[in-house]
Amino acid sequence: MKRKINQIKVVGFLTFALVCFNFNFGISTAAQETNRQRTVEKPTLTLIPTPKPTATPKQTPLPTVSPTPFSTPTATPTPVQIQTIPDLQSRINSILARPELRRGQIGVKIVSLDTNRSVFEMNAEKYFMPASNMKSYTVAAALEKLSPDFRFVTSVFAPGLPDASGTIRGDLTVFGRGDISLSGSFNDSDFYKGLDALASKIAQAGVKRIEGNLVGDESYFSGNPIPYTWEWDDLQWNSGAEISALSINNNTVKLSVKPGAINMPCVVQIQPPNAIYRTLNQCSTSNASKKSDIKITKKLDLNVLEVSGTMPPGDKGFDGTITVSHPADLFVEMLRGLLVQKGVVITGQNRVIGTKDKVISTVASIVPAVEITKLESPPFSVIAAKTMKPSQNLYTETILWTLGEQGRTIPGVASSLAGPNPFTNPKSTSAERGVFVVQNFLKEIGIAPDSVIQWDGSGLSRHNLVTPASAVQLYIYMARSRYAQVWRESLTIGGVDGTLQNRFKGTAAAANVRGKTGTIDQVSALSGYVTTASGERIVFSIIINGVNDVRLRQAVIDEIVVALANFNGKTN
């Protein structure tokens, strides 16, 4: 009996040991599977045998496993170093220290618009040729004195209204006041669209027949249509177009010169086609081994164009713009063609009258003219942008001359006693009176009268002189003007449009800097606004004179502006 009991105990012990073994193995297997998923080395499990049936089996404890994170911990970021004003000044000085600049003259003025603190200046009160930075002074004065809503008006006069049959008995006279929007630049490159609007108004006024001449009256402006201080080699290109109260297509024509068949004349075309221009084509098509050497020469004060030289087959040729002398002649010819297309019969000739002719005809006439219709330009806010962004010289000169004629209606200008007043001199020109209006405006806003010496409106004259300090003062005033938004929208944007379209791309100044460029031989300038990396608004003017390399001049200016855009400090 006792032996049987002992056998039962042995069987019980073995059964208990087997159950414990299976239990521990299950736990170990589950732990191993979990740890395998966590890429942790598997723990070793050891079973300790018991020498006596009564002993309690020992369980080896599982090791504690720390989970491995699924991503690599990031390093502590290095703090961004905040720049100081001395840091910025040091950077600008290093840019200006290039040895290639040593023989030139550089003027710089940089001011915070938010704190009014001067950030950097060099020769800020010295004179510099501004090139097209001169436009800033002219357009700003016009915005303030004429307002963004001002419109140029072209009136159509006749001895009387058209009769029941639509007949005008006498001359039909178009009196221009400098509307520069009658151009493809305002009308999707269409040469005729702007002027066609005037022709349509004449037809809509009931005019079907003109028993007299079609007269273009450009007497609104007085003075030489080409400013005396312009250089002659500028005058055949679009930058030197002459001023007229009857402007058409920027007072230029499009010229195309392409190769023809070998040993045959080149193909020369002028757009729009007209009878005003005469072309002398002495250009021939050479064999393919020769390079193009064509020469284009416009006769001064004549609409005669000489094209000479040779051009090989397959050459891309020449496409450009050439100025028109006496553009009112082209205006009247194109208007006549458009009127004829609308069924208007004109029995007389084309005529153009200026200031002197107007005095004679006014004395001779005893019948007051009747305005039968008129055409208004887009508002000046639109024209300002069309002037500043592409840096259009003709538009700026026309704006200056318009200020000279409108100045009589501007309070305090015509009666001003500040120096000789051209409004009291009957022999003064539109340009002289316009400069007087600009100078009065600059004096009103606190700019020293001797800091801006102005000879034209656009800056093409090499006689203009300004200080960088005066440009910054002007831009600060306009940023706070009642017309600040219109002014800002007139400025070219870095990397986006106008004369800055191809500059500043890929930098912090792209779509940030706004301003007015200036470029003539030996001169580059840029004045405007830029926002720093810390959000502060900066006003600057940088003018370089006497450096021959235009790319170098622009690179220096651009590096300074980018340094301003990257500045992450504060000026206060």
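Ring geometry for Phe441 versus Tyr477: interplanar angle over 60°, hence perpendicular rather than tilted (30 to 60°). Note: Phe221 and Trp401 have perpendicular aromatic rings, judged against thresholds of 30 and 60 degrees for the angle between ring planes.
Screening Asn250, Thr138, Thr387 for a side chain to side chain donor-acceptor pair (under 3.5 Å) with Tyr395, the sole residue that qualifies is Asn250. Among the candidates Val111, Val513, Val119, the single residue satisfying the side-chain contact (heavy atoms from CB on, under 4.5 Å) test with Phe540 is Val513.
Put simply, the side chain of Tyr277 reaches to within 4.5 Å of the side chain of Val253, judged on heavy atoms.
Using a cutoff of 4.0 Å between basic side-chain nitrogens and carboxylate oxygens, Glu444 and Lys145 are scored as salt-bridged. Taking the charged nitrogens against the carboxylate oxygens, Asp179 and Arg151 have no contact shorter than 4.0 Å, which rules out a salt bridge. The pair Lys109-Glu125 does not count as a salt bridge, with every side-chain nitrogen at least 4.0 angstrom from each carboxylate oxygen.
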Trace of the salt bridge (Lys or Arg N to Asp or Glu O under 4.0 Å) decision for Asp315 with Lys290
CA-CA 10 Å; Asp315 191 273; Lys290 292 186 177 182; over 6 Å; no
Glu144 and Ser481: CA distance, side-chain angles, deciding distance, side-chain hydrogen bond (donor to acceptor under 3.5 Å, both in side chains) verdict:
CA-CA 8 Å; Glu144 291 293 314; Ser481 162; 2.5 Å; yes
Is there a salt bridge (Lys or Arg N to Asp or Glu O under 4.0 Å) between Glu306 and Lys298 once you walk through the steps?
CA-CA 6 Å; Glu306 292 183 358; Lys298 179 189 177 297; over 6 Å; no
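In plain terms, the two heavy atoms of Asn249 and Asp190 that are nearest each other are OD1-O, 4.4 Å.
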